[in-house]
Amino acid sequence: MAEANLDPVFQIQRVYLKDVSLEQPNSPAILLNQEQPGVDIQLGVDAAPVADGMFEVTVTATVHTKIADKTVFLVEAKQAGIFEIRNMEGDQLNAILGIACPQIVYPYLRSNVADVIQRGGFPPVHLAEINFQAMYEQQQVEAAAAVASTAPQIIV
């Protein structure tokens, strides 16, 4: 009888643009304003199993620029990847999904966001490089603190 191969497997199956939108609700009037807009950038990472040993990891960016209280443009983009990950469990699997996979997907997201903004008639906004390991470790610390704060206190 053949033994099952228990070597860890990590393979990229596909990287794709899952969703993108550009809104310019105050155009064309806002385009005549010479003020420098404020820029707010939000990033998120999500991972979900899609089949046995297959996971979809999505990195989301929202870029919202405003002058005073008026939106210049709003870009929302989701870049995703499908990864085959086998024979990894617990912390090792979570680290792969929270660090390695987003590091692979994120450069595509950066490029697509800059391209959409430029095609909308604006100078491209280049998203900063992200240290996904530091982000993951911070989330782990916050999750541990949340668990500790909800644990019952025993006073002797």
Side-chain angles (χ1 to χ4, degrees), residues 8-147:
V9 174
F10 176 74
Q11 293 183 340
I12 304 166
Q13 296 298 317
R14 179 165 297 189
V15 176
Y16 57 98
L17 182 61
K18 186 168 184 156
D19 186 24
V20 66
S21 69
L22 167 66
E23 298 174 26
Q24 297 183 47
N26 295 298
S27 292
I30 196 80
L31 300 175
L32 301 175
N33 192 323
Q34 297 300 312
E35 288 182 56
Q36 192 69 12
V39 179
D40 178 43
I41 299 172
Q42 302 292 321
L43 293 172
V45 176
D46 189 38
V50 293
D52 184 40
M54 304 293 273
F55 297 85
E56 179 189 55
V57 175
T58 305
V59 182
T60 304
T62 302
V63 180
H64 191 184
T65 60
K66 289 175 140 184
I67 295 176
D69 64 342
K70 292 196 181 260
T71 295
V72 178
F73 67 83
L74 172 66
V75 171
E76 296 175 310
K78 289 183 181 182
Q79 189 77 39
I82 298 175
F83 299 89
E84 180 180 6
I85 305 170
R86 298 185 187 279
N87 304 321
M88 293 185 219
E89 298 296 327
D91 291 342
Q92 185 181 26
L93 176 61
N94 290 337
I96 297 274
L97 293 171
I99 301 168
C101 296
Q103 284 177 332
I104 292 167
V105 170
Y106 185 66
Y108 295 94
L109 177 68
R110 289 181 72 214
S111 176
N112 284 326
V113 167
D115 185 54
V116 164
I117 292 170
Q118 192 167 15
R119 288 177 186 268
F122 301 98
V125 172
H126 296 286
L127 301 176
E129 290 290 329
I130 300 294
N131 181 337
F132 284 99
Q133 181 168 351
M135 181 187 283
Y136 176 78
E137 289 170 356
Q138 179 64 33
Q139 289 171 342
Q140 297 302 330
V141 167
E142 290 171 3
V147 168

Look up atom [atom1] in [X] and atom [atom2] in [Y], then write down how far apart they are to the nearest 0.5 Å.
X      : Y      : atom1 : atom2 : result
Thr62  : Leu74  : OG1   : CG    : 7.0 Å
Asn94  : Met88  : CG    : CE    : 12.0 Å
Ile67  : Asn33  : CD1   : CG    : 4.0 Å
Gln11  : Met54  : CD    : CE    : 8.5 Å
Leu43  : Met135 : CG    : CE    : 6.0 Å
Ile130 : Arg110 : CD1   : CZ    : 8.5 Å

Measure the shortest side-chain to side-chain distance between [X] and [Y] over non-hydrogen atoms and say whether it is less than 4.5 angstrom.
X      : Y      : result
Asn26  : Phe73  : no
Arg86  : Asp52  : yes
Val45  : Tyr106 : no
Ile82  : Tyr16  : yes
Ile85  : Cys101 : yes
Val20  : Glu76  : no
Gln42  : His64  : no
Leu127 : Ile41  : yes

Closest heavy-atom contact between [X] and [Y]?
X      : Y      : answer
Pro8   : Asn87  : CA-CB, 4.0 Å
Gln24  : Ser27  : OE1-OG, 2.9 Å
Ala114 : Pro124 : O-CB, 3.7 Å
Ile99  : Pro102 : O-CD, 3.4 Å
Lys78  : Thr60  : CG-OG1, 3.5 Å
Ala100 : Phe10  : CB-CZ, 4.4 Å

Inset, instruction - Only pairs at least two apart or in different chains count here, so list each ring-ring contact (aromatic ring centres under 6.0 Å, His included) that has a residue in residues 17-42. - result: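 Listed once each, the pairs would be none.
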
Inset, instruction - Run the salt-bridge test on Lys66 and Asp40 with the 4.0 Å N-O cut-off and return the result as yes or no. - result: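 No, this pair does not count.
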
Inset, instruction - Tell me, yes or no, whether the heavy-atom count around Tyr108 atom OH, taken from other residues, nucleotides or ligands under 6.0 Å, exceeds 12. - result: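 Result for OH/Tyr108: open.
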
Legend entry - Enclosure of Glu89 CD (heavy-atom neighbours >12, cutoff 6.0 Å):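 Atom CD in Glu89 is not crowded, with 12 or fewer foreign heavy atoms closer than 6.0 Å.
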
Legend entry - Residue that, paired with Phe83, satisfies side chain to side chain contact (heavy atoms under 4.5 Å, CB included) out of Ile96, Leu97, Val105: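 That would be Val105; it is the only one of Ile96, Leu97, Val105 passing the side chain to side chain contact (heavy atoms under 4.5 Å, CB included) with Phe83.
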
Legend entry - Option passing side chain to side chain contact (heavy atoms under 4.5 Å, CB included) with Val113 (candidates Val116, Asp115, Ile117):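 For Val113, the side chain to side chain contact (heavy atoms under 4.5 Å, CB included) check succeeds only for Ile117.
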
Inset, instruction - Evaluate the side-chain contact (heavy atoms from CB on, under 4.5 Å) criterion for residues Ile104 and Ile12: first the C-alpha distance (whole Å), next the side-chain angles of each, then the deciding distance (0.1 Å), finally the verdict. - result: CA-CA 9 Å; Ile104 292 167; Ile12 304 166; 3.8 Å; yes

Inset, instruction - For Glu137, enumerate each residue passing the salt bridge (Lys or Arg N to Asp or Glu O under 4.0 Å) test, keeping only those at least two apart in sequence or located in another chain. - result: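 Partners of Glu137 by the salt bridge (Lys or Arg N to Asp or Glu O under 4.0 Å) criterion come out as none, since no residue qualifies.
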
